[in-house]
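Throughout, a chain's letter reflects where its sequence line sits, starting with A, and its residues are numbered from 1.
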Amino acid sequence: MLTLKLITEQTDRVIKGLNKKHFQGAEEAIQKVIAMDAERRAAQAALDQKLAASNQAAKEIGALMKAGKKDEAEAAKAQVAALKSECKELEDKKTRMQTEMDAFLCTIPNIPYDEVPEGSSAADNLVVKLNDKMPCELPANPKPHWEIAKDLNLIDFDLGVKITGAGFPVYRGLGARLQRALINFFLDQARAAGYEEIMPPTVVNQASGYGTGQLPDKEGQMYHCEVDDLYLIPTAEVPVTNIYRDVILNEKELPVKNTAYTQCFRREAGSYGKDVRGLNRLHEFSKIEIVRIDTPEHSAESHKEMLEHVEGLVQKLGLPYRILRLCGGDMSFTSSVCYDFEVYSEAQKRWLEVSSVSNFDTYQANRLHCRFRRTDSKKIELCHTLNGSALALPRIVAAILEDYQQADGSVKVPDVLVPYMGCEYIR
RNA sequence: GGAAAGAUGCCGGAGUGGUCGAUCGGACCGCACUCGAAAUGCGGCAAGCGGGUCACACUGCUUCCAGGGUUCGAAUCCCUGUCUUUCCGCCA
């Protein structure tokens with residue numbers, strides 16, 4: 001959530017930012033927060049005063065007891081009784097206001113950076129880089145990946161339906177091996193770039209879901225194990241970022257660079273049509289995530305490095321790709337700036353999103369209470385958090401199958417994956 | 001799943017009703033000593049929400065797992081929950 005400091009000190013900027021993000025009723029919402037904050041402060045001040053008086057009285061009574069002046073102590077006790085109920089009332093009021101304000105703050109999205117283009121939908125996203133070179137010469141009528149996967153016995157969608165349901169494919173043979181090859185390739189690349197590999201739990205508690213912002217608003221997007229009140233993670237971002245919940249890092253520990261491969265689970269309620277065909281949208285999929293935590297002054301540089309890393313991955317795989325700078329209206333709730341990577345699927349004639357690389361500024365850190373201590377001043381400040389997919393497997397697999405398909409029905413293995421696959425062609 | 005014990009600051013570990021935000025040790029930081037280091041000595045060393053200040057200083061309140069309760073007063077007593085450890089059972 002946005003910090004109160006930002007809202008109170010740079011009100012105009014916040015309102016402008018929210019408008020850019022196409023958040024309805026920005027002005028009113030911000031004025032409401034400011035009013036709530038003022039009220040909260042007043043309640044706090046009033047409560048503090050009463051508590052101070054009550055603490056003082058307790059001390060005096062203690063002193064009287066010690067001095068053996070029982071009568072005077074008893075008299076003082078009677079006087080304190082009144083204070084007590086007042087305290088209770090003020091306390092309740094303060095807690096209620098704090099809770100209300102926090103809940104309301106959570107409904108206000110992050111504000112975009114200046115570099116974020118204006119716009120309300122995906123159509124307004126800015127293509128900042130385009131590389132549409134195909135890795136191979138394709139057959140006259142290229143097949144979509146679901147046909148290739150079926151012909152080469154790589155993925156069995158029907159079997160997944162039998163075992164679990166739609167959106168849970170079964171990978172087998174070279175299809176399964178391709179999954180493992182990509183996971184290892186991506187992790188090796190991340191390690192080479194200095195990211196520490198993490199293998200976190202794939203099930204998290206409420207506090208973690210809240211920390212990264214999936215809860216409370218996006219509750220319906222996650223699978224929920226009600227008996228234990230745990231959630232299946234929609235991305236490794238959740239458990240990995242939560243490592244740093246309620247943590248104060250030292251400045252010299254920054255930037256933190258973590259990577260993790262996990263299975264990701266998404267309910268994707270409401271999705272339909274050609275979007276969900278084949279591997280385009282699944283309920284369970286593999287993804288390698290990179291997460292960074294950095295100082296405010298260095299986070300932009302970090303973000304750039306992450307973008308270069310992800311670009312390196314798609315380049316090495318030889319896939320046609322483009323990079324989009326998302327416009328204000330299409331960015332996620334929590335990000336300050338976000339770039340999407342898309343690879344081109346020749347057979348489907350469409351771009352498939354394989355990565356989003358975002359800087360959340362302090363928005364996520366504020367909710368997480370992820371802070372760092374300055375080496376010089378010893379002051380504590382909120383960190384900046386960033387993350388990105390590097391990369392999500394299914395659409396990469398779709399693109400590889402489609403863009404590397406050969407006239408004889410086989411699929412050429414991208415050079416970088418050959419050592420991981422142990423073969424040059426999938427046939 | 002059954003039984004028992006426990007949860008205190010970065011870590012270890014005291015503290016069973018009043019001046020305890022918390023003894024002590026370690027780690028860490030600063031200073032002194034040293035050519036430098038080690039050793040030693042001295043000092044510092046929690047966070048949150050407020051007030052205050054240009055910024056400090058200074059200052060009120062809260063927090064000893066969480067939430068309730070008893071009391072004038074709770075780290076300390078009571079209740080509930082969570083988690084951890086050990087033993088038993090089960091088990092990849």
Visitor: Would you classify A:Lys379 as touching base, sugar-phosphate or nothing, given that sugar-phosphate means primed atoms plus P, OP1 and OP2, and contacts are heavy atoms under 4.0 Å?
Guide: sugar-phosphate
Visitor: Return the 5'-most residue of the pair A:Gln49, A:Leu4 with respect to RNA chain B, ranking by each residue's nearest nucleotide.
Guide: A:Leu4
Visitor: Over how many whole Å does the gap from A:Gln56 atom CD to B:U59 atom C1' extend?
Guide: 14 Å
Visitor: Counting side-chain heavy atoms from CB outward, which of B:G48, B:G50, B:U62 is closest to A:Asp37?
Guide: B:G50
Visitor: So if I take every side-chain heavy atom of A:Arg41 and compare against B:C72, B:C49, B:G51, which nucleotide ends up nearest?
Guide: B:G51
Visitor: For nucleotides B:A38 and B:A32, find the distance between their P atoms and express it as a whole number of Å.
Guide: 14 Å
Visitor: Using the P atoms only, state how far B:A75 lies from B:U19, rounded to an integer number of Å.
Guide: 9 Å
Visitor: When you compare B:U70 with B:A55, how far apart are their P atoms, in angstrom units rounded to a whole number?
Guide: 43 Å
Visitor: Measure CD/A:Glu60 against P/B:G73 and give the value in whole Å, please.
Guide: 14 Å
Visitor: When you check the phosphate oxygens OP1 and OP2 of B:A47, does a side-chain N or O of A:Arg373 lie under 4.0 Å from one of them?
Guide: yes
Visitor: Sticking with atom P, work out how far B:U34 lies from B:A47, rounded to a whole angstrom.
Guide: 35 Å
Visitor: If every non-hydrogen atom of A:Val411 is compared with every non-hydrogen atom of A:Ile400, which pair is closest and at what distance?
Guide: CG1-O, 3.9 Å
Visitor: For A:Ala52, answer base if it contacts any base atom (sugar-phosphate contacts may also be present), sugar-phosphate if it contacts only those atoms, and nothing otherwise; contact means non-hydrogen atoms under 4.0 Å.
Guide: sugar-phosphate
Visitor: Could you work out which one of B:C72, B:G51, B:C49 sits closest to the side chain of A:Ala58?
Guide: B:C72
Visitor: With both distances under 3.5 angstrom, what nucleotide forms a Watson-Crick or G-U wobble pair with B:A14?
Guide: none
Visitor: Between A:Asn55 (CG) and B:U71 (C1'), how many Å, whole number?
Guide: 14 Å
Visitor: I need the NZ-C1' distance between A:Lys50 and B:C49, as an integer number of Å.
Guide: 19 Å
Visitor: Using both distances under 3.5 Å as the test, list the Watson-Crick or G-U wobble partner of B:U70, or none.
Guide: none
Visitor: Which whole number of Å gives the distance between the P atom of B:G21 and that of B:A5?
Guide: 30 Å
Visitor: Quick check: are there more than 12 heavy atoms from other residues, nucleotides or ligands sitting under 6.0 Å from NZ of A:Lys150?
Guide: no
Visitor: Say we look at B:A14 and B:U76: how far apart would their C1' atoms be, to the nearest angstrom?
Guide: 13 Å
Visitor: Evaluate whether atom CD of A:Glu424 has more than 12 neighbouring non-hydrogen atoms of other residues, nucleotides or ligands under 6.0 angstrom away.
Guide: no
Visitor: Just to be sure I understand the rule, does A:Ile380 reach a base, reach only the sugar-phosphate, or reach nothing, if contact means heavy atoms closer than 4.0 Å?
Guide: sugar-phosphate
Visitor: Could you tell me if A:Tyr113 and A:Asp361 have a donor-acceptor pair between their side chains, going purely by distance under 3.5 Å?
Guide: yes
Visitor: If the P atom of B:U63 is compared with that of B:G69, how far apart are they to the nearest Å?
Guide: 13 Å
Visitor: Out of B:G18, B:G69, B:A47, which has the shortest distance to the side chain of A:Lys88?
Guide: B:G69
Visitor: Is there a Watson-Crick or G-U wobble partner for B:C58 with both distances under 3.5 Å, and which nucleotide is it?
Guide: B:G51
Visitor: Between B:C83 atom P and A:Asp246 atom CG, what is the distance in whole Å?
Guide: 18 Å
Visitor: For B:G41, give its Watson-Crick or G-U wobble partner with both distances under 3.5 Å, or none.
Guide: B:C31
Visitor: Partner lookup for B:U82, please. Criteria are Watson-Crick or G-U wobble with both distances under 3.5 angstrom; report none if nothing qualifies.
Guide: B:A7
Visitor: Parallel under 30°, tilted from 30 to 60°, perpendicular over 60°: which one fits the rings of A:His224 and A:Tyr231?
Guide: parallel
Visitor: Counting side-chain heavy atoms from CB outward, which of B:C49, B:C72, B:G48 is closest to A:Arg371?
Guide: B:G48
Visitor: Take atom NZ of A:Lys93 and atom C1' of B:C61, then tell me their distance rounded to the nearest Å.
Guide: 17 Å
Visitor: Taking only the C1' atom of each, what is the distance from B:A74 to B:G15 in whole angstrom?
Guide: 13 Å
Visitor: Could you give me the CA-CA distance, side-chain angles and deciding distance for A:His309 and A:Tyr195, then say whether ring pair (Phe, Tyr, Trp, His ring centres under 6.0 Å) is met?
Guide: CA-CA 11 Å; A:His309 177 74; A:Tyr195 290 87; 5.7 Å; yes
Visitor: Looking only at side-chain N and O atoms, does A:Asn250 come under 4.0 Å of OP1 or OP2 in B:C28?
Guide: no
Visitor: What integer distance in Å separates A:Asp48:CG from B:C49:P?
Guide: 13 Å
Visitor: My understanding is that a pair needs two contacts under 3.5 Å, Watson-Crick or G-U wobble. By that rule, which nucleotide pairs with B:C90?
Guide: none
Visitor: Do A:Thr375 and A:Lys252 get their side chains close enough for a donor-acceptor pair, meaning under 3.5 Å?
Guide: no
Visitor: Can you tell me the distance, in whole Å, between the CG atom of A:Leu51 and the P atom of B:C61?
Guide: 8 Å
